[in-house]
Amino acid sequence: MTDGCGRTIRYLRLSVTDLCNYRCRYCMPEAGVFKRPHREILSVEECVEIGQAAVNCGVKKIRLTGGEPLVRGGILDICRGLSSIDGLEELCLTTNGSLLPELAAPLRDAGVDRLNVSVDSLRPERFSHITRRGCLDDALAGITAAERAGFAKLKCNVVLMGGINDDEIVDFVALTERKPWEIRFIELMPMGECAQWEKSRFIPAETVLKKVPALRPLKSSGTAARYGVPGWAGTVGLIRPMSHRFCGLCDRIRVTADGKLKPCLHSDAELPLRGLHGSELEGAIRRGIAQKPERHHLTEGGSDTLRNMNEIGG
Ligand code: SAM
Ligand code: SF4
C-alpha cells in the first residue's frame, strides 16, 4: 500500500518488549523502565495477528526489535508464528547479541532470516561503560553463535558518538576485510536519554569516509548508503537520519510493544491496535499508513515523540 506521499510501505518494525538487559547510555535510563504488567504488552497471538494484518496491507518484511527482543518470553513462538505467514518475504531481528549463544540456533529454526547485532565498541571497558551492564565477550560470543547457526550476512549496528567511539571507526571497518558482514554506522539521534547531550557527540556518518578513504560507493539499500573496500569480504553502511534526511525513501511503519502503530519513529502520532481484529485491524493499519508524515523534524526542533528508543524499537 502507498502512503499519502506516494511511498510504498513494505516494512514493519515490531517491538516485542520495552525491557532490556543493557542500559545503553543514549537509549535507556540507568534505573531501567517501569515494568508494565503483562497484560499491557502485546501477547504472542497479538504480535502474529498484527503481522498477518500488516502483510495483508502489503508489508513484505518484518523486523522484531525492542528493548531487547531476546529477553521477551515467547520470542520463539512469535518468530514461528510470523515466519509462517504467507506473503512475508523476510523476518529479521535486531539484538544486542548477549543472548545469542543460547538463542541463535533456535531463532534460525523458528524462521528468522537475518540478524542485526548492535556493538558500539570493540574495547571491553568502553563497551561496558556504554552499555552500563554489558560484556563485550558475550556480544562477540553471540556473533560467533549466529554465524554457526547459519546467519551468514550479519549486520553490525554501531551508533557513532563523537568523543566516545569515533576513534574506533577504522577498527570496525577493518573487520570487513575478512568477515562478510555489513558494519552499519548510525548517526546518533537526539531522543530520550541523549536528547540533551552536548553537540560534539552528534557527528555525521561522513566521518567514516574521511577516516577510511579507501571506501568506495556501492549500490545503496533502503535507507543505508553502502560502501566497501575493493576486494574485501564485507561492506559498510551509513545510516544518516541527521545529515541526510532519508524520509523520502522511508518504507516502514512501527508498532510499539503496547500495541500502538507509529507511522513515523519521530512523530507523536499513534494509533491503538489492541482489541482490533480482522478487517478493523487492517483498516487501522491502512489509516496509519495513509497518515505517515512526509518527514521528521529532528534537525529543527528534535524528535516529536515523547517515547524513548527502547519503547519504539530503533
Ligand atoms: N536491543 C536491541 C539492540 O540494541 O540492537 C534492539 C533495540 S535498539 C533500540 C535498536 C537500535 O537502535 C540499536 O542499534 C541501537 O543502538 C539504536 N539506537 C538506540 N537509540 C538510538 C539513538 N538515540 N540514535 C541512534 N540509534 C539508536
Ligand atoms: Fe537495550 Fe538496545 Fe537500548 Fe542498548 S540500544 S539499552 S541494548 S534496547
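Remember, it's 1-based here, ligands and their atoms both numbered in the order they're listed. Values below: every heavy atom of this structure, side chains too, minus hydrogens, waters and symmetry copies. The first residue in the sequence is number 1, and the count goes up from there.
Taking all heavy atoms of G66, G97, C156, G67 into account, the minimum distance to atom 1 (N) of ligand 1 is reached by G67. For the residues G192, S15, C24, the heavy atom positioned nearest atom 4 (Fe) of ligand 2 is part of C24.
Coordination check, C27 versus atom 3 (Fe) of ligand 2: passed, since an N/O/S atom of the residue sits under 2.8 Å.
In this view, T8 and T2 satisfy the side chain to side chain contact (heavy atoms under 4.5 Å, CB included) rule, not counting sequence neighbours. Listed by chain and residue number, R72, D77, I78 satisfy the side chain to side chain contact (heavy atoms under 4.5 Å, CB included) test with V44 (two or more places apart in sequence, or in another chain).
The two residues A257 and V16 make their nearest non-hydrogen contact at CB-C, 4.0 Å.
In this structure, G66 falls outside the shell of residues with a heavy atom less than 4.0 angstrom from ligand 2. Residue contact annotation: G192 has no non-hydrogen atom under 4.0 Å from ligand 1. In this structure, E187 is part of the shell of residues with a heavy atom less than 4.0 angstrom from ligand 1. Residue C20 places every heavy atom at 4.0 Å or more from ligand 1.
S121 pairs with exactly one of H129, E168, R126 by the side chain to side chain donor-acceptor pair (under 3.5 Å) rule, that one being E168.
Short contacts between ligand 2 and N96, defined as distances under 4.0 Å to a heavy atom of the residue, involve ligand atoms 7 (S). In summary, the atoms of ligand 1 found under 4.0 Å from a heavy atom of N96, numbered by their order in the structure, are 2 (C), 3 (C), 5 (O). Listed by number with element, the atoms of ligand 1 under 4.0 angstrom from any heavy atom of T65 are 6 (C), 7 (C). Of all atoms in ligand 1, listed by their number and element, those nearer than 4.0 Å to a heavy atom of C194 are 23 (N). Atoms of ligand 1 lying under 4.0 Å from at least one heavy atom of E68, given by number and element, are 1 (N), 2 (C).
Contact annotation: for T94 versus ligand 1, heavy atoms closer than 4.0 Å belong to both the backbone and the side chain. With a 4.0 Å heavy-atom cut-off, ligand 1 is reached by the backbone of T95 but not by any atom from C-beta on.
The N/O atoms of N157, backbone and side chain alike, include one that comes under 3.5 Å of an N/O atom in ligand 1. For ligand 1, the polar-atom distance check against Y26 finds a nitrogen or oxygen pair separated by under 3.5 Å.
Ionic pairing of R25 and E193 is not present here: no N-O contact between side-chain nitrogen and carboxylate oxygen is shorter than 4.0 angstrom. A salt bridge links R226 to E182: one of the charged nitrogens lies within less than 4.0 Å of a carboxylate oxygen. Of the charged side-chain nitrogens involved, none lies within less than 4.0 Å of a carboxylate oxygen, so that K210 and E206 do not count as a salt-bridged pair. Using a cut-off of 4.0 Å between Lys/Arg side-chain N and Asp/Glu carboxylate O, R274 and E46 are scored as salt-bridged.
R201 has its side chain within reach of E198: a pair of non-hydrogen atoms, C-beta onward, lies under 4.5 Å apart.
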